[in-house]
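One structure below.
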Amino acid sequence: MKILILGAAGQIGQMLTNELLNKTDHSIVLYARNGHERLTITDDSREVIFDGNFKDKNMLIEAMKNVDLVYVNDMGDENSTKTIIDAMKVARVTRVIAASVLGIYDEVPGAFGVWNNKMIGVDSSVGSRMKSQIESARLIENSNLNYTLLRITWLYNQEGNTRYMLTQKGEPFKGTQVTRQAVTQLIMDIIEEKSDQYLKVSIGVSEPDTDWDKPSFY
C-alpha cells in the first residue's frame, strides 16, 4: 500500500511515519510545508518528501500519484479541505482518514461540553477555526470519498499509552483527553482493517476512563 501523509511534520504525522516504517512494508509520501527542511528520510526505498501546502492543488495531485490512502492531519481551513478533495478526485484516490476535533456536531454534553465551548471561544479566532472544522467535516462527508473522520478530544503525549475508545456520530461524546500515541495506534488500526467498519463514518476518539469535567492537564 502507498500512503500519503498530509501534514507529515506534525507530531502525529511523524509518529505515524515511524509506526508505518517499523511495523509495515507500506510506502509513504510525506507532504509538508518546507518538508525537505523539517523532515528526514530514513528509508529512501519507501519514503519520498513533497514540499507544499494544502492549497496547492497541482502539487497535491502530483503527491497523490499511485496513492491508495490519504491521511489529513489538519482540517482547520475549509478551502484547503476542498482543494484536497478536488485533488483526490483528479488523482482517482478514494480513501481518506481525516483528523478533526470534538464538538463539530455540538455532541459534547455536560460540564465538559461547557468547558470545551468556553475554551474554543465562539467569537474568537479559535471559534472561527471551529467553524472551519465544521465546514471541512461537512465537505468530507458529502464528498463521495471513502472517508473516516476522527473527532479527536484534547491531546497530550504519554509514551506507551495507546489506549483509545470510540463513540459514533449521533452518540454523546465521552472522554476529555487522549494521547497522540493512541491516535497514531488508531490510525494504524484503521489502515490495516480489512472490513468496511471504518468506511464513511465519523468517530469520536478519546481515552477510556477520562469522562471528567476537563482534561487532567488543565
**Item:** Between Thr179 and Glu207, a side-chain donor and acceptor under 3.5 Å
**Value:** no

**Message:** If I take atom OG from residue Ser27 and atom CG from residue Asp68, how far apart are they, to the nearest 0.5 angstrom?
**Reply:** 9.0 Å

**Steps toward side chain to side chain contact (heavy atoms under 4.5 Å, CB included) verdict (Glu19, Thr24)** = CA-CA 8 Å; Glu19 287 290 289; Thr24 76; over 6 Å; no

Output side-chain donor-acceptor pairs under 3.5 Å for residues 181-188, partner residues at least two apart or in another chain, one line each.
unit_1 : atom_1 : unit_2 : atom_2 : d
Gln181 : OE1    : Gln158 : N      : 3.1
Thr184 : OG1    : Arg180 : O      : 2.8
Gln185 : NE2    : Asp189 : OD1    : 2.8

**Request:** Could you walk me through whether Ser136 and Thr81 pass side chain to side chain donor-acceptor pair (under 3.5 Å), step by step?
**Result:** CA-CA 6 Å; Ser136 287; Thr81 302; 2.8 Å; yes

**Message:** A quick test of your reading: do over 12 heavy atoms of other residues, nucleotides or ligands sit less than 6.0 Å from CD of Glu159?
**Reply:** no

**Prompt:** With a 3.5 Å cut-off and no angle check, do the side chains of Thr42 and Glu47 form a donor-acceptor pair?
**Reply:** yes

**Message:** Is there a path of hydrophobic side-chain contacts, each under 4.5 Å between heavy atoms, that joins Leu145 and Val29?
**Reply:** yes

**Asked** Would you say the side-chain atoms of Asp211 pair up with the backbone N or O of Lys174, donor to acceptor, closer than 3.5 Å?
**Response** no

**Prompt:** Same hydrophobic cluster for Leu102 and Leu155, using side-chain heavy-atom links shorter than 4.5 Å among ILVMFWY?
**Reply:** no

**Prompt:** How far apart are the closest heavy atoms of Ala32 and Leu39, and which atoms are they?
**Reply:** CB-CD1, 4.1 Å

Exercise answer: donor-acceptor pairs, residues 1-16 side-chain atoms, under 3.5 Å, sequence neighbours excluded:
unit_1 : atom_1 : unit_2 : atom_2 : d
Lys2   : NZ     : Lys65  : O      : 3.3
Gln11  : OE1    : Asn157 : ND2    : 2.8
Gln14  : NE2    : Ala9   : O      : 2.7

**Message:** Quick check: closest heavy atoms across Ala99 and Ile152, and the distance to 0.1 Å?
**Reply:** CB-CD1, 4.0 Å

**Prompt:** Could you state the interatomic distance from CD (Glu193) to CG (Leu199), rounded to the nearest 0.5 Å?
**Reply:** 9.0 Å

**Prompt:** Transitively linked via ILVMFWY side-chain contacts under 4.5 Å: Tyr164 with Val101?
**Reply:** no

**Item:** Point-to-point distance, once rounded to the nearest 0.5 Å, from OG of Ser80 to CD1 of Ile85
**Value:** 11.0 Å

**Message:** Could you tell me if Ser132 and Glu78 have a donor-acceptor pair between their side chains, going purely by distance under 3.5 Å?
**Reply:** yes

**Prompt:** Do Phe112 and Asp213 touch side chain to side chain, with heavy atoms closer than 4.5 Å?
**Reply:** no

**Under the salt bridge (Lys or Arg N to Asp or Glu O under 4.0 Å) test, residues paired with Glu135 that sit two or more places apart** = Arg138

**Prompt:** For Val90, which fellow cluster members are found when Ile, Leu, Val, Met, Phe, Trp and Tyr are connected by side-chain heavy-atom distances below 4.5 angstrom, either directly or through intermediates?
**Reply:** Ile61

**Item:** Pair Tyr31-Asn73, side chain to side chain contact (heavy atoms under 4.5 Å, CB included): steps then yes or no
**Value:** CA-CA 10 Å; Tyr31 190 102; Asn73 197 47; over 6 Å; no

**Message:** Working to the nearest 0.5 angstrom, can you tell me the gap between Asn116 CG and Met119 CE?
**Reply:** 8.5 Å

**Message:** With a 4.0 Å cut-off on N to O distance, would you call Arg163 and Asp209 a salt bridge?
**Reply:** yes

**Same apolar cluster (I L V M F W Y, side chains within < 4.5 Å links), Phe50/Val72** = yes

**Request:** Could you tell me the separation between the CD atom of Glu141 and the OG atom of Ser202, rounded to the nearest 0.5 Å?
**Result:** 5.0 Å

**Item:** Closest heavy-atom pair and its distance - Met59, Asp51
**Value:** CE-O, 3.5 Å

**Message:** Among residues at least two apart in sequence or on other chains, which ones pass side-chain hydrogen bond (donor to acceptor under 3.5 Å, both in side chains) with Lys57?
**Reply:** none

**Item:** Residue pair Ser206, Gln177: steps toward the side chain to side chain donor-acceptor pair (under 3.5 Å) verdict
**Value:** CA-CA 6 Å; Ser206 61; Gln177 63 189 47; over 6 Å; no

**Request:** Quick one: closest heavy-atom pair of Ala98 and Met75, and the distance?
**Result:** CB-SD, 3.6 Å

**Request:** Check whether Ile104 and Val205 end up in the same hydrophobic cluster, where Ile, Leu, Val, Met, Phe, Trp and Tyr are linked by side-chain heavy atoms less than 4.5 Å apart.
**Result:** no

**Item:** Asn146 side chain near Lys200 side chain, heavy-atom distance below 4.5 Å
**Value:** yes

**Item:** Validation row: Thr17, Leu30 side chains within 4.5 angstrom (heavy atoms)
**Value:** yes

**Asked** Given side chains that start at C-beta, do those of Glu171 and Glu107 come closer than 4.5 Å, heavy atoms only?
**Response** no

**Prompt:** Tell me, which pairs form a ring pair (Phe, Tyr, Trp, His ring centres under 6.0 Å) where one or both residues lie in residues 183-218, sequence neighbours left out?
**Reply:** Trp115-Tyr218, Trp154-Tyr218, Tyr156-Phe217

**Message:** For the backbone of Ser143 and the side chain of Lys89, can you confirm whether one donor and one acceptor N or O come within less than 3.5 Å of each other?
**Reply:** yes

**Message:** Could you check whether any side-chain N or O of Thr153 sits under 3.5 Å from a backbone N or O of Thr176, counting only pairs where one atom can act as donor and the other as acceptor?
**Reply:** yes

**Request:** Decide, yes or no, whether a salt bridge links Arg129 with Asp77 under the criterion of side-chain N to carboxylate O below 4.0 Å.
**Result:** no

**Asked** From Glu37 CD over to Ile49 CD1, what is the distance, rounded to the nearest 0.5 angstrom?
**Response** 10.5 Å

**Message:** Could you go through Met64 and Ile84, starting from their C-alpha distance and side-chain angles, then the distance that decides it, and tell me whether this counts as side chain to side chain contact (heavy atoms under 4.5 Å, CB included)?
**Reply:** CA-CA 10 Å; Met64 288 175 186; Ile84 291 166; 4.3 Å; yes

**Asked** Please walk me through it: do Arg151 and Lys169 pass side chain to side chain contact (heavy atoms under 4.5 Å, CB included)?
**Response** CA-CA 9 Å; Arg151 290 174 283 116; Lys169 185 176 180 179; 4.2 Å; yes

